[in-house]
Amino acid sequence: LAGARADVNPDEVASVLWKYFTELGSNAKETVDQLQQAEITKQLNTLLETKLQSANLYAEDLQRRLVPFATQLQARLAQDSQRLKEQIRQELAELRAKLAPYADEVHQQISTNIRQLQAKMSPYAEELRSQVDRGAGELQRVLEPYATELRDRLQDNAESIQASLSPYADRLQQQIDSGVETLKERLTPLADELKTQVGQSVEELRRGLSPYAQEVQDRLNRQLESLTAQMERAAEELRARLAASSEELRAQLSPLAQELRQAAGSDAESLRQRLAPLAQQLDERVGQTLEAFRQQAAPFGEAFGRQLVERLEEVRGKLDSGTAGVEDHLELLEKEVRDKVAAFLSTTQPVEN
């Protein structure tokens, strides 16, 4: 299949492997043995089957080679883990020693960066809250006429109600889907802008600290690269949380349309009995669902800002103490996984049909 390789995203394969590795625990021998069991094979095959829709020699060869590659990679990571912990410890000790004469200046620079970051994040958090409120309000307004229409339809004869109920339910579902997609379109750009701000803030911190770390710039860069990765991951998690909340909203509103479709199959006598309470409750149920969405999603921006500040405070603590975090080496291990997966996939040649 020409171009099949392009359909397999190295980051997606790496994410499957990394998630699996981190769930297995720390015993290297046990981990390698477990890795050869069916679960990782199933996860990788599911990913490949999603990306490579048709059976072909490339897909079969890739499926056959990935699990042995993953086994070898995990064994290598188990060996590298301790080495990286020691490397990070030494680098932090060297960086702290070099920065020690400028401890006050470094502390003040990071504190300044924290204040600047808080000032930058505050308008975005307010805008996110505003967009959540506005989007939920607009969706409520476009759904309100459906409750009025349903109450009006109850005045018709049973046959007329039955004939019109399924198309009405379909229109309601389409409006729900459209409203949720519009909401997501409002919120996603904000998450993207926040990710851009993260990069700018770290670069400002780099410029502020670089004069004090000229002979150990690579050590400083390593810490800041780890900080960038953590902050960008937080931004991606924010985007994912917003998308998940929007989909949860869709899932909570869609049963309204489903209940109407089910009612359409009722006999004429019971149809009004089933529809009457639904018509009365439709406004209230929509309002309650949207208010729950507001309460859940509106604070995401503030929580994201607090998370970024915590990351900066952790960096300040590391530079003060020279002590690495318990999981600092995982950033480097994950990068190693992604680099090696990308290199592995670049060597697999798709079969031309």
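Any value given below was found using the heavy atoms of this structure, including those in side chains, with hydrogens, waters and symmetry copies removed.
Note: Thr188 OG1 to Leu183 CG = 9.0 Å, rounded to the nearest 0.5 Å. The structure places CG of Leu73 at 8.5 Å from CZ of Arg76, a figure rounded to the nearest 0.5 Å. Atom-to-atom distance recorded for Ser210:OG and Glu203:CD is 8.0 Å, nearest 0.5 angstrom. In this structure, Arg153 CZ and Tyr146 OH are separated by 10.5 Å, a value rounded to the nearest 0.5 Å. Remark: Ile88 CD1 to Lys318 NZ distance equals 8.0 Å, nearest 0.5 Å. Rounding to the nearest 0.5 Å gives a distance of 8.0 Å between OG1 of Thr182 and CD of Glu138.
Applying the salt bridge (Lys or Arg N to Asp or Glu O under 4.0 Å) test to Arg233 and every residue at least two apart in sequence or in another chain returns Glu331, Glu334.
At a threshold of 4.5 Å between non-hydrogen side-chain atoms, the residues Arg316 and Ile114 count as touching. Counting heavy atoms from C-beta outward, Gln200 and Lys120 have side chains that approach closer than 4.5 Å. Put simply, the side chain of Arg115 reaches to within 4.5 Å of the side chain of Thr112, judged on heavy atoms. Two residues are said to be in side-chain contact when any heavy atoms from C-beta on lie closer than 4.5 Å; Glu149 and Pro145 fail this criterion. Contact check for Glu86 versus Arg83: no side-chain heavy atoms found under the 4.5 Å cut-off.
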- Message: One pair to check against side-chain contact (heavy atoms from CB on, under 4.5 Å): Met231 and Gln307. What are the steps and the verdict?
- Response: CA-CA 8 Å; Met231 287 182 159; Gln307 194 175 2; over 6 Å; no

- Take Val198 and Leu117 through the side-chain contact (heavy atoms from CB on, under 4.5 Å) test and state the conclusion after the steps. CA-CA 8 Å; Val198 161; Leu117 181 64; 5.9 Å; no

- Query: What's the verdict on side-chain contact (heavy atoms from CB on, under 4.5 Å) for Val180 and Lys184, showing C-alpha distance, side-chain angles and the deciding distance?
  - Reply: CA-CA 6 Å; Val180 169; Lys184 289 164 72 173; 4.1 Å; yes

- Task: Could you go through the side-chain hydrogen bond (donor to acceptor under 3.5 Å, both in side chains) check for Glu193 and Gln197 one step at a time?
- Result: CA-CA 6 Å; Glu193 291 174 23; Gln197 289 296 327; over 6 Å; no

- Can you list the steps and then say if Lys98 with Gln217 is a side-chain contact (heavy atoms from CB on, under 4.5 Å)? CA-CA 10 Å; Lys98 182 63 179 176; Gln217 189 66 49; over 6 Å; no

- Message: Under the criterion side-chain hydrogen bond (donor to acceptor under 3.5 Å, both in side chains), I'd like the reasoning laid out for Glu127 against Gln131: C-alpha separation, chi angles, the key distance, then a yes or no.
- Response: CA-CA 6 Å; Glu127 178 64 14; Gln131 291 291 358; 2.8 Å; yes

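Contact between Asp283 and Ala147 at its shortest, heavy atoms only, is OD1-CB, 3.2 Å. Here the closest heavy-atom approach between residue Asn113 and residue Leu205 is recorded as ND2-N, 3.6 Å. Between Leu150 and Ala279, the shortest heavy-atom distance links the atoms CD2-CA, 3.6 Å. Between Glu94 and Val216, the shortest heavy-atom contact is O-CG1, 4.4 Å. Summarising the geometry of Ser246 relative to Leu187, their closest heavy-atom pair is OG-CD1, 4.3 Å, with the distance given to 0.1 Å. Contact detail for Phe69 and Lys340: the closest heavy-atom pair is CZ-O, 3.7 Å.
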Show me, pair by pair, the donor-acceptor contacts under 3.5 angstrom made by side chains of residues 248-264, not counting sequence neighbours?
unit_1: Glu248; atom_1: OE2; unit_2: Gln252; atom_2: NE2; d: 3.3
unit_1: Arg250; atom_1: NE; unit_2: Glu247; atom_2: OE1; d: 2.9
unit_1: Arg250; atom_1: NH1; unit_2: Asp177; atom_2: OD1; d: 3.0
unit_1: Arg250; atom_1: NH2; unit_2: Glu181; atom_2: OE2; d: 2.5
unit_1: Arg250; atom_1: NH2; unit_2: Glu247; atom_2: OE2; d: 2.9
unit_1: Ser254; atom_1: OG; unit_2: Gln173; atom_2: OE1; d: 3.4
unit_1: Ser254; atom_1: OG; unit_2: Gln173; atom_2: NE2; d: 3.0
unit_1: Ser254; atom_1: OG; unit_2: Arg250; atom_2: O; d: 2.8
unit_1: Glu259; atom_1: OE1; unit_2: Arg285; atom_2: NH1; d: 3.2
unit_1: Glu259; atom_1: OE2; unit_2: Arg285; atom_2: NH2; d: 2.8
unit_1: Arg261; atom_1: NE; unit_2: Asp170; atom_2: OD1; d: 3.1
unit_1: Arg261; atom_1: NH2; unit_2: Asp170; atom_2: OD1; d: 3.2

Review item, side-chain donor-acceptor pairs of residues 291-301, under 3.5 Å, at least two apart:
unit_1: Glu291; atom_1: OE1; unit_2: Arg294; atom_2: NH1; d: 3.4
unit_1: Glu291; atom_1: OE2; unit_2: Gln295; atom_2: NE2; d: 2.7
unit_1: Gln296; atom_1: OE1; unit_2: Ser245; atom_2: OG; d: 3.1

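Ion pair Glu310/Arg306 not flagged as a salt bridge, since none of the NZ, NE, NH1 or NH2 atoms sits closer than 4.0 Å to an Asp/Glu carboxylate oxygen. Salt-bridge check for Arg311 with Glu314: passed, with a basic side-chain N closer than 4.0 Å to an acidic carboxylate O. A salt bridge does not link Arg222 to Glu225: none of the charged side-chain nitrogens sits closer than 4.0 Å to a carboxylate oxygen.
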